[in-house]
Each structure stands twice: as C-alpha cells, then as structure tokens.
Amino acid sequence: MSVINNYHCEITIAQHCNLSCRACTHLSPLLSKDFVDPETLRSDLTTMAKYYHTKYARLLGGEPLLHPNILSIIAVVRESGISDRVEVITNGLLLWKMSDEFWKAVNRVMVSVYPGKEMTPKQVRTCYKKARRHGTRLTMAIVDEFRESYSEVGTKDTSLIKRLYRTCLIVNCHNIEKGFFFKCPQSVFLPRVLNTKFRSPQIDGIKIVDSPSFGEELRAFLASPYPLASCKHCLGAAGKKISHSQVPRSKWRQLQESKSEDMVDYELLSAMEKQPAWEAYTRARPRPYYHISSRRQLLAYIKRKYGIFEYLSTLFDLMSSSKEVLEARFRSAQ
C-alpha cells in the first residue's frame, strides 16, 4: 500500500503557553506544564513514516519555544523522514533569544502576533537578520480577530454536528500526540479538558502501531465521513467572530459556557455549504492587519506602528544584514 501524503502534520511539543489567549484552539490556558519527550516522539515518527508523509512538520503548542530540548525535537523529526521540511509556529516572544543552531535547523518560522504582546522593533530586526543569515523563511501574521473554537456545553443536534464537520477546515490538521494519531487538534485537546464528557482522552485517535495492517487502518480512519466524538463540542471553522484578548486562566472556561447553537456563525456556515468552504471562509475570516513575509511588508508594518525612527533603524539593519549575507555567500563560493 502506498504512503499517505498530507500537506502538514502538527506536533504539540509543549502543551502550556506563556500567554492566555481568549481564542486558543489548543486550550493551552487550561493545560499544565508538559513537554513531549524526544525518544517517545522518535518512536512515533519512525513508525508513522512507514505509512505517512507530510510536506511540513509543524512544531507548535502551547508555546513550542518553551521546550528546553527543542533542537533535539527538530533533529528527531528530520531523522524520522516523515516530512520534507520543519516549521515552527510561535507567538514570537522568545524567538529573538533563539540560537543560530535553531535558525539553521528549521525551514520556516511563522509568528502569530497578538495585540499588546508583540516583540519590540529591535527584537523583530534580530529575528529577521538571523532568518536571512541562515536561509530560514520568517513570516508574521498580526491579527486581532478570531473565531470561537469550542463550546463547554456542546450540542445534541446531530444535523448541526454533521454540518460543522462537513465544512470544517481544521479536520486535515493532523496531529501526532503521545502514541496516537488524530485528525485535528480539537480531537486531541477537547477530550483531555472535558474529561467527564468522554470515555477516553484518545477516543478520537488511532493508536500508532507497527503492524502489517496499520497502513490500511490509517487510510480508513482518515477517509471516514463520520463526525468525531469531539465534534459535539467543536465549532469547526464556523464559530462566531470575536476580538482577541488575554484572559485570566481562572476565568477562561467561563467564556465558553454556552450551547454550540449560540456560538455558531450560521451565515458563514451556510456560505461554506454553498461553495468551496475555504473560499467562503477566506472572505469572512478574521482579517490580518499585516501578513509579513517580505522586507517591504516588514518595513511598512514598522513604519505604521512605530514611526519613522524605527523604520529607518530597521531599514539600516536589513541593508547591513543583506550585505553580510552576500559577503558570506561570496566567501563560500571561493
């Protein structure tokens, strides 16, 4: 049987976070400090790589940069052969402190920037210089709107559950988590947090085993059209739009104590049912202030947010960095 291919697969390497975001889809504000073990991950990925391959292995959390052995984790992912590239998704607050070894080891870093929790202009410049020096792609998304992700109460309306599942844009965000493979992050974390509502934390996962039948079982698992147990509490991609905020951990769950029916954006849900879901969601998605993936976009962001002095400082730094990169390439070519 041929290997199953997917665009990306997520690995939560630290389930806790240094922020407590209102819209965290991984429910990190409710989870305790916990790091993935490199050797446990090695076993899972080595087995999975025989049956499954992905273009990007995404390391995230929580906040992945909290992991004290993140370089070992990256090495394990690369050695397993499960993916072509390694990507880290972070809030960026620790990114400017990361070593050159980190920047050499990853292909791409994506920073989700939250209002009031941004890096300083100097820290941003440090990151861009390191990324350019080591050929790492660095992007930043600055947003202040999100969508509700789950309901504590959930729903018993099977019709609504099926509609949310059919239009879900997250169900292909596959996750590898402590010996199990899951279709999406919500099916990892909802049974863990809402543990009195599920018979097992792994109810929506398939156990990773090295057996002749595993590839066939994995393919059947991914092809199943039936909603997951977690879908009773998950809002898929159709939750109501909300503003971003930092919420005390003690009050975080209170904001989710409504029925699913009261937290769904039915206009968006209907639109996604009538046309390709991603196309409809893109028009209705929370808008980014900036999506920064180039020097021009970075300079525009710095100028707008911090003024002309920081803009000129950033321009000078980036020009110096470009000169250093060209000189290094010239030396290596000799």
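Just so it is clear, the model here is predicted, and its values are computed rather than measured.
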Identify the heavy atoms of [X] and [Y] that sit nearest to each other, and give their distance.
X	Y	result
C127	M119	SG-SD, 3.7 Å
S28	G62	OG-N, 2.8 Å
K33	F35	CE-CE1, 3.6 Å
S224	Y165	O-OH, 3.5 Å
S99	L71	OG-CD1, 4.4 Å

For the backbone of [Y] and the side chain of [X], can you confirm whether one donor and one acceptor N or O come within less than 3.5 Å of each other?
X	Y	result
E261	K259	no
R58	E10	no
N175	F182	no
Q246	S20	yes

**Request:** May I ask you to decide if the ring planes of F198 and H233 are parallel, tilted or perpendicular, using 30° and 60° as cut-offs?
**Result:**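 It falls in the tilted class, 30° to 60°.
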
**Prompt:** Under 6.0 Å between the ring centres of Y51 and F214?
**Reply:**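 Here the rings of F214 and Y51 have centres that are less than 6.0 Å from each other.
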
**Request:** Report yes if the distance between the aromatic ring centroids of F102 and H134 is under 6.0 Å, otherwise no.
**Result:**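 No, the ring of F102 stays outside the 6.0 Å limit from the ring of H134, centre to centre.
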
**Step-by-step side chain to side chain contact (heavy atoms under 4.5 Å, CB included) determination, T90 to S112** = CA-CA 6 Å; T90 170; S112 298; over 6 Å; no

Answer yes or no: does atom [atom1] of [X] have more than 12 heavy-atom neighbours from other residues, nucleotides or ligands under 6.0 Å?
X	atom1	result
F221	CZ	yes
E267	CD	no
Y7	OH	yes

**Prompt:** Looking at K305, K303, K122, R125, which one forms a salt bridge (Lys or Arg N to Asp or Glu O under 4.0 Å) with E310?
**Reply:**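 With E310 as partner, K305, K303, K122, R125 yield a single salt bridge (Lys or Arg N to Asp or Glu O under 4.0 Å), made by R125.
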
**Request:** Report yes if some heavy atom in the side chain of I176 is under 4.5 Å from a heavy atom in the side chain of I82; otherwise report no.
**Result:**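 Contact flag for I176/I82 side chains = yes.
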
**Prompt:** Does the side chain of N91 come within less than 4.5 Å of L65's, by heavy atoms?
**Reply:**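 Contact flag for L65/N91 side chains = no.
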
**Test side-chain contact (heavy atoms from CB on, under 4.5 Å) applied to I4 - qualifying residues, sequence neighbours left out** =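 Result, side-chain contact (heavy atoms from CB on, under 4.5 Å) vs I4: Y52, L218, R219, L222.
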
**Message:** Can you confirm if the NZ or CZ of R22 lies within 45° of the ring axis of F146 and under 6.0 Å from the centre of its six-membered ring?
**Reply:**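 No - R22 does not lie over the ring of F146 by the 6.0 Å and 45° rule.
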
**Approximate separation, where rounding is to 0.5 Å, of R137 CZ and S294 OG** =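 R137 CZ to S294 OG: 10.0 Å, rounded to 0.5 Å.
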
